[in-house]
Amino acid sequence: MSGEKEDFVSLVPGKVNMYVCGITAYDVCHLGHARSAVVFDIIKRYLRYRGYEVTHTRNITDIDDKIIARAAKENISTEAVAKKYTAEYYRDMELLGVGRADIEPNATDHIKEMVHTIEVLIDKGYAYPVDGDVYFEVGKFCDYGKLSKKNPLDLLSGARVDVDERKKSPLDFALWKSSKPGEPSWESPWGKGRPGWHIECTAMSSKYLGESFDIHGGGADLIFPHHENEIAQSEAYSGKRFVKYWVHNGFITVDKEKMSKSLGNFFTIKDILDKYEPEVVRYFLLSAHYRSPIEFSDVQLNEAELSIDRYYTTVMRTNDYLETAGDKEKAAPSTELEGLLASFKDKFHNAMNDDFNTALVLGFIFELIREVNKFLDAKPSGQKAKMLVIQARDLLAEVGGVLNIFNKTPKEWYSSLMKVKKIDLSESDLQERINARQAARENKDWAAADNIRNELLAKGIILEDKKDGTAWKIKVG
RNA sequence: GGCGACGUACCCAAGUGGCUAAGGGGGAGGUCUGCAAAACCUUUAUUCAGCGGUUCGAAUCCGCUCGUCGCCUCCA
């Protein structure tokens, strides 16, 4: 609310109530929706990891103008539209590793609660009915604009909205809209109609999280008017502070412009996942701070893919090492690795405590990766060396677990890449080519061996010769 | 027009008062290797859009200028 970072103290010690605006289910989701979902998924995971009991509520708006328009276009019911795109949303989110919220309320299941909220607002003099509609009277709520730092007078003078003569002020917004014939509607004291957009979040958040709760999130485009209106309704209704901490994620941009439906410059999650491994997309979204804009481009996604590949390549090395390293104690320079291992968790916590700085965490991960590789290059052996490598592996897995990335085996990573890059070669055929090349190498027939390697490279497969055999990887980047 | 955010190397990006300005990608050179790949090492910003100011000290705070973007209408 201050527009600055503040120390986090939950309202109830050890417990965090978080409400995040979900989607309006009228179309498939694009990468912008993914960013919001991933950001709050990580906030939730991190808070839980640090021991908070988190109740995460994420709503689905299943009735509004866009859904009605879509239903008319597809000649199906609004329920069918909402159901279809909610299902699409969940499928996209699951692929991106976004967990389900604890409570996922639909607007249409809470009409009763919304009607009640509106009645109270009218009783308290904050709202007025006109011809079957009900409006919130912004002028009655003196804190209006405190979140978006807007002055109601400035808003009036700069208003681009068509003025509705029935409203007392152009800033007043609908709590309840009367329905036109043929539109879905619910009974209310003001006649048949449906709820305005903002009221669902007030009614549902107070039902599930209470009138005051800790974190409210969503995309930065929701700050005004949606969240400003939520504050007005909720605080007018309860007389209490609505939300302690507001968290808004920045936009995905394309050529520096916000990715959005109306600009038409959006990429759907589905289309992106056709070209990139889901983990690549998730990593990409974590590679910049959640409040910063992040530019979508193939270059960026490819860099994310390279970074993840670097991670799995090292995991492969550590696994090989732990399987093959001897027991004879052979020390290797390890002071830097040991130092990093000792401080790693603190660095991770500090970065995440500082407004969820995932980009910084990724930096730490690659520092550790480098130290592990350096250590392995020195070819150490014995119990102590193995312990260090295991410790590094476990730490990386712990952090990866919180961010929900880096949780595959290298083999799963490459198999998945093989699919996403549509490489037309079965793993058994691949192994057959590797064996043939190995035979050529044993005969020192380097020309034949190189031929096979080049042939596979042309298909996007890289071979790595090691002491005890040849490993394959998928070419990335 | 009002309000707000941002501008760090060839690219992405962290850093918001003080140790050598993280990390990834790319480039150059090297070690290793049958050759590769991977990995590692060295190198690639005496400088943080520009100009002033505050301070013992600023990329970091303040002011101005330039540039980019966002919100003010549905929007993640």
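Only this structure's heavy atoms are used, side chains among them; waters, hydrogens and symmetry mates stay out. Here is the naming used below: chain letters follow the sequence lines, and residue numbers restart at 1 for every chain.
- Counting to the nearest Å, the C1' atom of G23(B) and the CZ atom of F344(A) are 12 Å from each other.
- Using a 4.0 Å heavy-atom cutoff across all strands shown, G219(A) reaches sugar-phosphate atoms only and no base atom.
- Residue N451(A) contributes atom CG, which lies 17 Å from atom P of A36(B) at whole-angstrom precision.
- Y19(A) has its ring centre less than 6.0 Å from the ring centre of H216(A).
- In the set A76(B), G34(B), G25(B), G34(B) carries the atom at the smallest distance from any side-chain atom of R437(A).
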message = Show, in sequence, the C-alpha distance, side-chain angles and deciding distance for R370(A) and E367(A), and conclude whether the salt bridge (Lys or Arg N to Asp or Glu O under 4.0 Å) test is met.
response = CA-CA 5 Å; R370(A) 190 181 60 232; E367(A) 274 178 3; 5.8 Å; no

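- Separation of the C1' atoms belonging to G25(B) and A9(B) is 13 Å when rounded to the nearest angstrom.
- When the side-chain nitrogen and oxygen atoms of K374(A) are compared with OP1 and OP2 of C41(B), one or more of them lie within a distance under 4.0 Å.
- Spacing of P atoms, G2(B) relative to C11(B), comes out at 33 Å, to the nearest Å.
- For the pair R317(A) CZ and A38(B) P, the interatomic distance rounds to 12 Å; values are reported in whole Å.
- Nucleic acid contact class of G477(A) (heavy atoms, under 4.0 Å, all strands): none.
- Separating the CG atom of D320(A) from the P atom of A39(B) is a distance of 14 Å, rounded to the nearest angstrom.
- Note on ring orientation: taking the six-membered ring where Trp is involved, the planes of H198(A) and F173(A) are perpendicular (angle over 60°, cut-offs 30° and 60°).
- When each of G34(B), G2(B), A22(B) is scored by its nearest atom to the side-chain atoms of D154(A), the top-ranked nucleotide is G2(B).
- With a 3.5 Å ceiling on both atom-pair distances, the Watson-Crick or G-U wobble partner of A39(B) is U31(B).
- The aromatic rings of H248(A) and H227(A) are tilted relative to each other, their planes meeting at an angle between 30° and 60°.
- Across every strand in view, U54(B) sits unpaired, with no contact that passes the Watson-Crick or G-U test at under 3.5 angstrom.
- Each of A220(A) and S307(A) was matched to the nucleotide of RNA chain B holding its nearest heavy atom; the match closer to the 5' end belongs to S307(A).
- Ranked by how close their nearest RNA chain B nucleotide is to the 5' end, K473(A) and K379(A) are led by K379(A).
- In terms of phosphate contacts, R310(A) brings a side-chain nitrogen or oxygen within less than 4.0 Å of OP1 or OP2 of G24(B).
- Using bins of under 30°, 30° to 60° and over 60° for the plane-to-plane angle, the ring pair F406(A)/Y283(A) lands in the tilted bin.
- Taking atom P in both G27(B) and A37(B), the straight-line distance is 11 Å, to the nearest Å.
- Rounded to whole angstrom, the span from the OH atom of Y283(A) across to the P atom of G25(B) amounts to 9 Å.
- Ring pair F213(A)/F242(A) is perpendicular by interplanar angle, where above 60° counts as perpendicular and below 30° as parallel.
- C61(B) and C6(B) are spaced 9 Å apart, taking the P atom of each and rounding to whole Å.
- Within the nucleic acid shown, F364(A) has no heavy atom closer than 4.0 Å to any nucleic acid atom.
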message = Before you tell me yes or no, could you show the steps for D271(A) and K275(A) under salt bridge (Lys or Arg N to Asp or Glu O under 4.0 Å), namely the whole-Å CA-CA distance, both residues' side-chain angles and the distance that decides it to 0.1 Å?
response = CA-CA 7 Å; D271(A) 286 347; K275(A) 277 179 76 183; over 6 Å; no

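- Spacing of C1' atoms, U65(B) relative to C71(B), comes out at 24 Å, to the nearest Å.
- The side chain of R370(A) lies closest to C41(B), out of G70(B), G34(B), C41(B).
- Among the heavy atoms of the strands lying under 4.0 Å from I462(A) are primed sugar atoms or P, OP1, OP2 only; no base atom is included.
- Pair assignment for G17(B) gives none, since no Watson-Crick or G-U wobble pairing has each distance under 3.5 Å.
- Residue contacts shown for M259(A) include a base, since a base heavy atom lies under 4.0 Å away.
- Ring pair Y144(A)/F224(A) is perpendicular by interplanar angle, where above 60° counts as perpendicular and below 30° as parallel.
- We find that CG of N151(A) is positioned 17 Å from P of C72(B), with the value rounded to whole Å.
- Atom CD of E412(A) has more than 12 neighbouring heavy atoms from other residues, nucleotides or ligands inside a 6.0 Å radius.
- Side-chain N/O atoms of N302(A) and base N/O atoms of G25(B) include no donor-acceptor pair closer than 3.5 Å.
- Taking only side-chain atoms of E367(A), from C-beta outward, the nucleotide of A38(B), A22(B), C3(B) with the closest atom is A22(B).
- For A36(B), the base has a donor-acceptor partner in the side chain of R453(A) [N/O atoms by modelled type, under 3.5 angstrom].
- Applying the 5.5 angstrom centroid cut-off and the 30 degree plane-angle cut-off, the aromatic ring of W446(A) is stacked upon the base of G34(B).
- Among the protein residues, K261(A) comes within range of no part of the nucleic acid, since none of its heavy atoms lies under 4.0 Å from any strand.
- The aromatic ring centres of Y311(A) and F366(A) sit 6.0 Å or more apart.
- Counting distance only, with no hydrogens placed and no angle test, the side-chain atoms of D465(A) and the base atoms of C35(B) include a donor-acceptor pair under 3.5 Å.
- Looking at heavy-atom distances under 4.0 Å, K466(A) makes no contact with the nucleic acid at all.
- C74(B) is unpaired under the criterion used here, namely a Watson-Crick or G-U wobble arrangement in which both key atom distances are under 3.5 Å.
- The partner of C48(B) cannot be assigned: no Watson-Crick or G-U wobble pair with both contacts below 3.5 Å exists in any strand.
- Put simply, CG on N373(A) is 7 Å from P on A39(B), counting in whole angstrom units.
- Taking atom CZ on F40(A) and atom C1' on A76(B), their separation rounds to 9 Å, with Å as the unit.
- Considering only side-chain N and O atoms, K258(A) lies under 4.0 angstrom from the phosphate OP1 or OP2 of C71(B).
- Rounded to a whole angstrom, the distance from the P atom of G50(B) to that of C3(B) is 27 Å.
- Aromatic ring centres of Y85(A) and Y26(A): separated by at least 6.0 Å.
- A distance of about 11 Å separates the C1' atoms of U46(B) and A21(B), rounded to the whole Å.
- Listed pair N249(A) / A76(B) fails the phosphate criterion, with no side-chain N or O lying under 4.0 Å from OP1 or OP2.
- Taking the C1' atom of each, G26(B) and C64(B) are spaced 37 Å apart, rounded to whole Å.
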Nucleotide N/O to protein N/O under 3.5 Å, stretch nucleotides 11-15 of chain B:
from   : atom 1 : to      : atom 2 : distance (Å)
C12(B) : O2'    : Q300(A) : OE1    : 2.7
C12(B) : O2'    : Q300(A) : NE2    : 3.3
A14(B) : OP1    : H289(A) : N      : 2.9
A14(B) : O3'    : N357(A) : ND2    : 2.8
G15(B) : OP1    : N357(A) : ND2    : 2.7

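- When both distances must be under 3.5 Å, the Watson-Crick or G-U wobble mate of G7(B) is C66(B).
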